[in-house]
Visitor: 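Have a look at the structure that comes next, please.
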Amino acid sequence: MEIVVGSGSLRIQDIEKLKLLISPYFALINPQCVCGLLHLKQAAFLADKAHEGNYNLSKERSTEVLLYLTFQRQISKAIQIAGIDANTKSVAWVSFGEAPLELLDMIDTDKSIISGNSFDYSNINLETSIIENSSFEAKQKIIMAKTATLSVQPR
């Protein structure tokens, strides 16, 4: 199964219409929870492998992606952190297989949205000095290491 990721700005005002696209194989994500394209691809890959290897924490791949992106083991907390809501103006997305055709009618594709510049570091308990004094690449490596260790954390 091909994994496709992307991001874009919303064309529509009706967030509920956009939410109807969410399925077990398609996730919509708050882009502030994505620390660059590599982070999004890594979370999608790890979520897929967790399901293939039967060590998944959620029943759906789309929810598993949120768990990996937010380093959470609790689904409700991951949705609270990385989900979309009425204030959403842009989204990141992961599709396990082809993305819904309607998606391109609802967003203007823009990869810069997940460049990592708007990543919200407040959810990861990273020291302020690291956030302020490290390069983006160094911070992204820290984030991706936290993402990779989710499946081996004790329950």
Side-chain angles (χ1 to χ4, degrees), residues 1-10 15 18-19 21-85 87-97 99 103 107-155:
M1 164 183 339
E2 182 183 10
I3 299 172
V4 183
V5 301
S7 60
S9 299
L10 298 187
I15 198 74
L18 183 66
K19 283 182 173 182
L21 299 179
I22 297 170
S23 73
Y25 295 96
F26 183 75
L28 290 168
I29 302 155
N30 175 346
Q32 291 181 329
C33 296
V34 179
C35 191
L37 182 61
L38 285 175
H39 180 224
L40 185 59
K41 285 182 175 183
Q42 176 199 36
F45 174 80
L46 293 171
D48 191 49
K49 291 302 170 197
H51 277 259
E52 286 178 3
N54 290 322
Y55 54 90
N56 48 300
L57 298 171
S58 73
K59 292 180 183 174
E60 300 176 350
R61 280 175 167 82
S62 59
T63 306
E64 197 81 16
V65 168
L66 299 180
L67 294 170
Y68 276 97
L69 282 171
T70 60
F71 337 112
Q72 298 295 318
R73 299 183 71 77
Q74 202 173 39
I75 293 170
S76 61
K77 193 165 184 181
I79 292 171
Q80 178 184 357
I81 295 168
I84 61 173
D85 60 28
N87 298 317
T88 297
K89 303 289 182 230
S90 59
V91 295
W93 52 270
V94 172
S95 185
F96 298 92
L103 178 66
I107 67 165
D108 289 316
T109 303
D110 182 353
K111 291 184 180 183
S112 70
I113 289 170
I114 55 173
S115 66
N117 294 331
S118 63
F119 183 75
D120 182 1
Y121 291 95
S122 68
N123 291 319
I124 61 166
N125 300 323
L126 201 57
E127 290 183 31
T128 306
S129 63
I130 293 173
I131 295 170
E132 293 173 354
N133 300 321
S134 298
S135 68
F136 170 74
E137 290 77 17
K139 291 184 280 193
Q140 186 181 47
K141 285 180 183 178
I142 293 168
I143 302 305
M144 291 178 68
K146 289 177 77 72
T147 299
T149 60
L150 177 69
S151 61
V152 296
Q153 292 174 6
R155 291 188 181 210

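Computed from heavy atoms alone, side chains included, the values below leave out hydrogens, waters and symmetry copies.
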Visitor: Supply the atom-to-atom distance Asn30 CG to Asp120 CG, rounded to the nearest 0.5 angstrom.
Guide: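 One finds 8.0 Å between CG of Asn30 and CG of Asp120.
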Visitor: Minimum heavy-atom separation for Ile113 to Ser7, with atom names?
Guide: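 Scanning both residues completely, I find the closest heavy atoms to be CB-OG, 3.9 Å.
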Visitor: State the CZ-CG distance between Phe45 and Leu40, to the nearest 0.5 angstrom.
Guide: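 Those atoms lie 14.0 Å apart.
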Visitor: Please name the pair of heavy atoms, one in Leu66 and one in Ala82, separated by the smallest distance, quoted to 0.1 Å.
Guide: CD2-CB, 3.8 Å
Visitor: Measure from the side-chain N and O atoms of Glu64 to the backbone N and O of Ser58, and report whether any donor-acceptor pair falls under 3.5 Å.
Guide: yes
Visitor: Just how far is it from atom CD1 of Ile81 to atom CD of Gln74, taken to the nearest 0.5 Å?
Guide: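 Taking CD1 in Ile81 and CD in Gln74, the distance rounds to 9.5 Å.
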Visitor: Are more than 12 heavy atoms from other residues, nucleotides or ligands located less than 6.0 Å from atom NZ of Lys19?
Guide: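 It does: Lys19 NZ has more than 12 such atoms within range.
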Visitor: Rounded to the nearest 0.5 Å, what separation is found between the CD1 atom of Ile22 and the CD atom of Glu60?
Guide: 10.0 Å
Visitor: Can you tell me how far apart CD (Glu132) and CD (Glu127) are? Round to the nearest 0.5 Å.
Guide: 11.0 Å
Visitor: Which atoms form the tightest heavy-atom contact between Ala44 and Val65, and what is the distance?
Guide: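 Reported closest heavy-atom pair: CA-CG2, 4.0 Å.
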Visitor: Test: salt bridge (Lys or Arg N to Asp or Glu O under 4.0 Å). Region: residues 29-50. Which pairs qualify, not counting sequence neighbours?
Guide: Asp48-Arg61, Lys49-Glu52
Visitor: Which residue in the set Leu21, Val4, Val94 passes side-chain contact (heavy atoms from CB on, under 4.5 Å) when paired with Phe26?
Guide: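 Exactly one option meets the side-chain contact (heavy atoms from CB on, under 4.5 Å) with Phe26, and it is Leu21.
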Visitor: Which heavy atom of Ala78 sits nearest to which heavy atom of Thr70, and what is that distance?
Guide: CB-OG1, 3.4 Å
Visitor: Indicate the ring-plane relationship of Phe96 and Tyr25, choosing parallel, tilted or perpendicular according to the 30° and 60° boundaries.
Guide: perpendicular
Visitor: Considering all heavy atoms of both residues, which atom of Leu28 and which atom of Leu18 are nearest to each other, and what is their separation?
Guide: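 Looks like CD1-O, 3.4 Å.
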Visitor: For Phe119, enumerate each residue passing the ring-ring contact (aromatic ring centres under 6.0 Å, His included) test, keeping only those at least two apart in sequence or located in another chain.
Guide: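 With neighbours one apart ignored, the set is Tyr121.
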Visitor: Check whether Thr88 reaches the backbone of Ile84 with its side chain - one donor and one acceptor, N or O, closer than 3.5 Å.
Guide: no
Visitor: For the residue pair Leu67 and Arg73, what are the closest heavy atoms and their distance?
Guide: CD2-C, 4.1 Å
Visitor: Restricting to side chain to side chain donor-acceptor pair (under 3.5 Å), what partner residues turn up for Ser112, sequence neighbours left out?
Guide: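 Residues passing side chain to side chain donor-acceptor pair (under 3.5 Å) with Ser112: Asp110.
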Visitor: Is Gln140 reaching over with its side chain to a backbone N or O of Cys35, donor-acceptor style, under 3.5 angstrom?
Guide: yes
Visitor: Would you check if the side chain of Ser134 reaches a backbone N or O of Ile131 as a donor-acceptor pair within less than 3.5 Å?
Guide: no
Visitor: Going from CG on Leu10 to OG on Ser90, what distance comes out if it is rounded to the nearest 0.5 angstrom?
Guide: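 Reported to 0.5 Å precision, the distance equals 6.5 Å.
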Visitor: If we only count heavy atoms from C-beta on, is the Met144 to Lys141 side-chain gap below 4.5 Å?
Guide: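 Answer no - side chains too far apart.
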Visitor: Is there a donor-acceptor pair under 3.5 Å between the side chain of Ser62 and the backbone N or O of Ser23?
Guide: yes
Visitor: Does some side-chain heavy atom of Leu103 sit less than 4.5 Å from a side-chain heavy atom of Trp93?
Guide: yes
